[in-house]
Amino acid sequence: MTDQTDSDYQIETDTDYEVGQDNVQMLGLDIHNPVFMISGLTIIAFVMVTLMFQAGATEFFGWLRPFLTSTFDWFFLLSANIFVLFSIMLMVSPLGKVRLGGADAKPEYSYLGWFAMLFAAGMGIGLMFFGVSEPISHFSSSLGGTVVEAGARTDWAPLGGAAGDIEAARNLGMAATIFHWSLHPWSIYAVVALALAFFAYNYNLPLTLRSAFYPIFGDRVWGWTGHIIDTLAVFATLFGLATSLGFGTEQTLAGLNYLFGVPTGNVSRVVLISVITAMALISVLRGLDGGVKVLSEINIALAALLLVFIVVIGPTMDIFNTMIAGGAAYVKDLLPLSNPFGREDANFSQGWTSFYWAWWISWSPFVGMFIARVSRGRTVREFLFCVIVIPTLVSVVWMAAFGGTAIEQVAADPEAGVKSAALPLKLFEMLKDLPLAWLTSFLGIILVVVFFVTSSDSGSLVIDTITAGGKTDAPVAQRVFWCVFEGLVAATLLLVGGSQALTALQAMAVSTGFPFTIVLLVMCVSIFMGLLKASRA
Amino acid sequence: MYKNIMVPIDLVHKDHLDKAIGTAVDIAKLYGATITFVAVTATPPSKVAHNPEEFARVLEEYTAGQRTKHEIDIAAKALVSHDPAVDLDETLNKEIHALGADLVIMASHIPHFREYVFASNAGFLAGHTDVSVMVVR
């Protein structure tokens with residue numbers, strides 16, 4: 001590479017590492033040696049071992065994930081709080097004025113296109129499934145109050161619950177749901193995304209996870225330290241995506257079966273995975289602008305349509321009340337909900353919060369990398385505001401509309417279908433009680449599928465960049481490989497091992513949240529050191 | 001015959017461009033045409049440059065060297081694409097029309113098996129643009 005720039009907020013490093021320096025070119029590919037091979041082979045090995053020793057794998061990962069989220073619940077909760085405080089500190093401090101890419105860099109995407117992409121990659125699909133089910137779960141458990149057996153609470157209510165008080169249970173349920181979908185998860189994403197964007201655009205290092213550790217490890221990040229970090233990221237991303245694709249297939253099929261009587265056998269599974277993978281392939285081949293961005297915008301438009309429909313046709317006043325009261329309850333309960341120590345609501349704080357934080361953290365390399373890719377030209381303040389505050393507000397509105405409507409249905413009729421339905425069907429049961437249910441349910445299924453396609457294509461883009469040593473212009477065949485590979489892993493797991501194998505590997509993907517939490521904490525130090533240096537440049 | 005020749009430049013493979021550039025220079029001198037070097041980059045750091053501004057400088061330096069070597073005026077234009085692995089062909093195609101080029105002279109590798117599935121950049125342009133394209137092996 002040639003001389004580095006010295007414009008404002010740009011840092012000249014001592015490294016002479018070139019992007020793609022360790023890559024090998026063969027068969028028309030341009031891949032990082034050894035990250036590509038290690039990642040690919042380890043993933044195949046894990047799938048094979050899980051399928052060959054299914055009972056053992058299910059037992060082991062079934063133990064590992066709850067062990068981590070229960071034993072280290074304080075660590076997950078404390079760390080997530082640190083990420084929120086760290087992000088807010090950067091947003092309000094003078095460091096927030098640093099512009100990603102240097103003082104003269106211009107944003108590449110409009111606010112709308114940018115926001116659509118980061119939102120679709122970050123949560124999208126989860127909002128479809130949990131928007132209805134989670135508020136009802138917390139509402140019902142809160143309403144049930146606390147149950148103590150042998151000196152320990154056995155209920156799942158958040159905090160102290162709200163026994164018998166519908167209004168208080170609704171507010172607590174909404175507060176707990178919003179808590180899991182707003183400031184904390186988006187701060188987790190923001191830390192990773194900011195680290196990646198800042199060290200790529202201001203330190204001019206390769207756009208890959210290892211670069212974020214350059215200020216701490218120096219040139220060692222180009223060796224095995226970096227190989228391990230990048231391989232872990234590929235691992236978490238591919239298993240996260242493949243297992244979600246597998247579960248998403250089950251859930252979409254359940255919806256199609258419920259609506260149109262589509263059979264749910266293996267043929268349907270393979271067809272659906274193939275259709276989603278084929279759509280993702282088309283998107284991948286159309287690139288960032290023609291594929292991912294267009295799909296994300298379609299997603300946001302359809303999601304907005306569904307949201308507006310529910311707000312207008314559903315119990316409008318109740319939704320607004322839920323929004324205001326739920327939002328206020330979230331602010332009021334934020335401190336007790338995020339308290340890492342001395343919690344009495346162990347089932348909730350370990351089974352829900354700690355699990356969620358591990359989940360978001362395991363997804364953060366993927367989402368963070370993708371957000372970083374499209375964020376050059378934003379100031380740190382603008383970046384953090386848009387990545388944390390706006391999605392938080394959208395989550396509040398979304399949860400109030402979907403969850404508020406569902407809670408209203410359950411409050412009016414404790415035997416309402418939405419309460420007893422299986423998780424993938426709760427959304428459709430909620431919509432069934434509103435006018436034009438066939439249309440909104442169909443829209444719901446389309447949204448689920450398109451959200452999956454968006455996750456799959458942006459995921460392939462991210463994995464390809466990491467396994468190409470930070471090269472964003474590696475041959476397209478490599479993205480095609482990762483996209484198809486992800487579909488194959490999902491199909492193999494589902495067909496050979498069924499949901500149990502999926503659960504086992506998903507538990508493992510979530511378990512990577514633990515080492516990544518440490519990685520993220522170190523990233524915060526790295527970002528702070530880097531920003532301090534850049535703000536003086 | 002030709003007034004405006006565009007030469008797409010891959011700065012990663014600078015040492016493979018001599019023949020294409022030599023051809024462009026000869027034709028430009030023969031017909032009194034202008035030459036423009038066009039190169040495309042993404043925003044993240046690459047092997048060639050750390051950022052788009054530096055990329056433009058690298059292209060300009062390279063072009064300056066070619067001007068001196070061939071004793072002919074050559075313009076340089078650096079373009080930014082969000083995803084060059086996919087958008088490169090379309091970006092070049094748009095630039096052909098933006099520049100009003102009537103001839104594209106482009107270096108290209110010898111086709112392998114991969115080109116049956118994914119067209120080379122020169123192959124795509126030759127197949128899809130409406131101006132003359134000369135592919136130099």
Side-chain angles (χ1 to χ4, degrees), chain A residues 1-5 7 10 12-13 18-21 23 27-30 101-102 104-106 108-109 196-197 199-208 211 284-293 372-377 461 464-465 468-480, chain B residues 8-16 39-65 78-94 108-121 123-124 128:
Chain A
M1 261 188 279
T2 57
D3 297 341
Q4 300 193 7
T5 54
S7 64
Q10 289 276 8
E12 197 169 327
T13 57
E18 289 183 3
V19 177
Q21 178 180 300
N23 284 19
L27 304 168
L29 303 178
D30 187 349
D104 301 328
K106 300 272 182 292
E108 296 174 81
Y109 292 96
L196 287 162
F199 289 104
Y201 300 133
N202 296 63
Y203 266 66
N204 297 312
L205 300 174
L207 183 62
T208 170
S211 297
V284 157
L285 290 171
R286 288 180 55 85
L288 198 52
D289 287 356
V292 180
K293 181 165 165 274
R373 175 88 188 257
V374 294
S375 299
R376 188 177 189 264
L461 211 70
D464 176 42
T465 305
K471 279 187 94 162
T472 50
D473 58 351
V476 180
Q478 289 167 219
R479 292 180 201 178
V480 172
Chain B
I9 298 287
D10 180 355
L11 288 167
V12 178
H13 299 114
K14 280 189 286 202
D15 42 346
H16 292 127
V40 181
T41 184
T43 45
S46 67
K47 195 176 175 69
V48 175
H50 298 94
N51 50 56
E53 295 77 21
E54 187 186 320
F55 184 86
R57 284 205 298 276
V58 175
L59 176 65
E60 184 48 45
E61 278 166 23
Y62 178 74
T63 309
L79 304 172
V80 177
S81 149
H82 291 148
D83 193 2
V86 171
D87 296 342
L88 179 65
D89 301 331
E90 246 345 288
T91 309
L92 289 175
N93 195 14
K94 274 187 195 149
S108 186
H109 55 269
I110 294 164
H112 298 291
F113 174 73
R114 195 168 69 105
E115 275 65 35
Y116 285 103
V117 187
F118 300 104
S120 66
N121 301 118
F124 176 89
H128 292 83

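Small disclaimer: the values here were computed from a predicted structure and weren't measured. We name chains A, B, ... by the order of the sequence lines, and we start the count at 1 in each one.
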* To do: With the side chain counted from C-beta on, respond yes when Asp104(A) and Glu53(B) share a heavy-atom pair under 4.5 Å apart, and no when they do not.
  => no

* **Interchain contact, Val284(A) with chain B, by part (heavy-atom threshold 4.5 Å)** => backbone

* **Where Thr43(B) and Arg376(A) come nearest, the two heavy atoms and their spacing** => CB-CD, 3.5 Å

* Under 4.5 Å from any heavy atom of chain B - which part of Ala474(A) -> backbone

* Structure fact -> When rounded to the nearest 0.5 Å, the distance separating CG of Asp289(A) from CD of Glu90(B) is 11.5 Å

* Mind checking whether Leu288(A) and Val86(B) have side chains closer than 4.5 Å, heavy atoms only? -> no

* Can you list the residues that meet the salt bridge (Lys or Arg N to Asp or Glu O under 4.0 Å) rule with Asp10(B), with sequence neighbours excluded? -> none

* To do: Under 4.5 Å heavy-atom distance to chain B, tell me which part of Leu461(A) shows up: side chain, backbone, both or neither.
  => side chain

* Asked: What residues, two or more places apart in sequence or in another chain, satisfy salt bridge (Lys or Arg N to Asp or Glu O under 4.0 Å) together with Asp83(B)?
  -> Arg373(A), Arg479(A)

* Structure fact -> Closest heavy-atom pair, Thr472(A) versus Ala85(B), reported as atoms and distance to 0.1 Å, is O-CB, 4.2 Å

* **Minimum heavy-atom distance between Pro45(B) and Ala200(A), given as atom pair plus value** => CG-O, 3.1 Å

